[in-house]
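Residues take their numbers from the sequence shown, with the count starting at 1.
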Amino acid sequence: PCGRTSSSTPCGSQPQSCGGRCGKSLDCGNHICEAVCHVGPCQPCKLQPSAVTTCPCGRTPAPHRSSCTDPVPSCGAPCGRQLSCGVHKCSVPCHLGPCAPCSDKQRLPCRC
């Protein structure tokens, strides 16, 4: 779909993804599509003011922003999202993006 690669396929076949990042400009004109190469239009910018109605953790309404390039304010409270370990919650102050991996250590008994 992106045109970076080509392959021979039977006539009438759907275009195949190259597997790379799309990289097309989003509707906002400020960000690029991070999705895997795809057919059709890209999703709208996730940072548009109309799409961001709360702080990153979701607890506090976001103040008015006029552009997707305006910072998304943090409420400062602990993030609280479930970490990948499935046991602990993120204690870092409210933030954009993924949480860091769990850094807690556990004591495991020897199997013998």
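The shortest non-hydrogen separation linking D27 to C45 is OD1-N, 3.2 Å. Shown here for V72 and L47, the closest heavy-atom pair between the two residues is CG2-CD2, 4.2 Å. Closest non-hydrogen pair, C99 versus L83, comes out as CB-CD2, 3.7 Å.
Using a 4.5 Å heavy-atom threshold, the side chains of D70 and P49 count as separate. Residues C68 and H31 form a side-chain contact, since some pair of their non-hydrogen atoms from C-beta on lies under 4.5 Å apart.
By the rule that hydrophobic residues join a cluster once side-chain heavy atoms approach within less than 4.5 Å of another member, V92 and L96 end up as members of separate clusters.
Here side-chain hydrogen bond (donor to acceptor under 3.5 Å, both in side chains) pairs that include residues 43-52, with residues two or more places apart or in two chains, number zero. Legend: side-chain hydrogen bond (donor to acceptor under 3.5 Å, both in side chains) pairs involving residues 77-98, not counting sequence neighbours, sorted by first then second residue: R81-H95, H88-D104.
Note that CZ of R59 is 7.5 Å distant from SG of C79, once rounded to the nearest 0.5 Å. One distance of note links SG of C42 with CD of E34; it measures 10.5 Å at 0.5 Å rounding.
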Report task. Would you sort out whether S67 and N30 count as a side-chain contact (heavy atoms from CB on, under 4.5 Å), showing the intermediate values? Result -> CA-CA 9 Å; S67 167; N30 297 312; 4.3 Å; yes

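For the pair R65 (side chain) and P73 (backbone), a donor-acceptor distance under 3.5 Å is absent.
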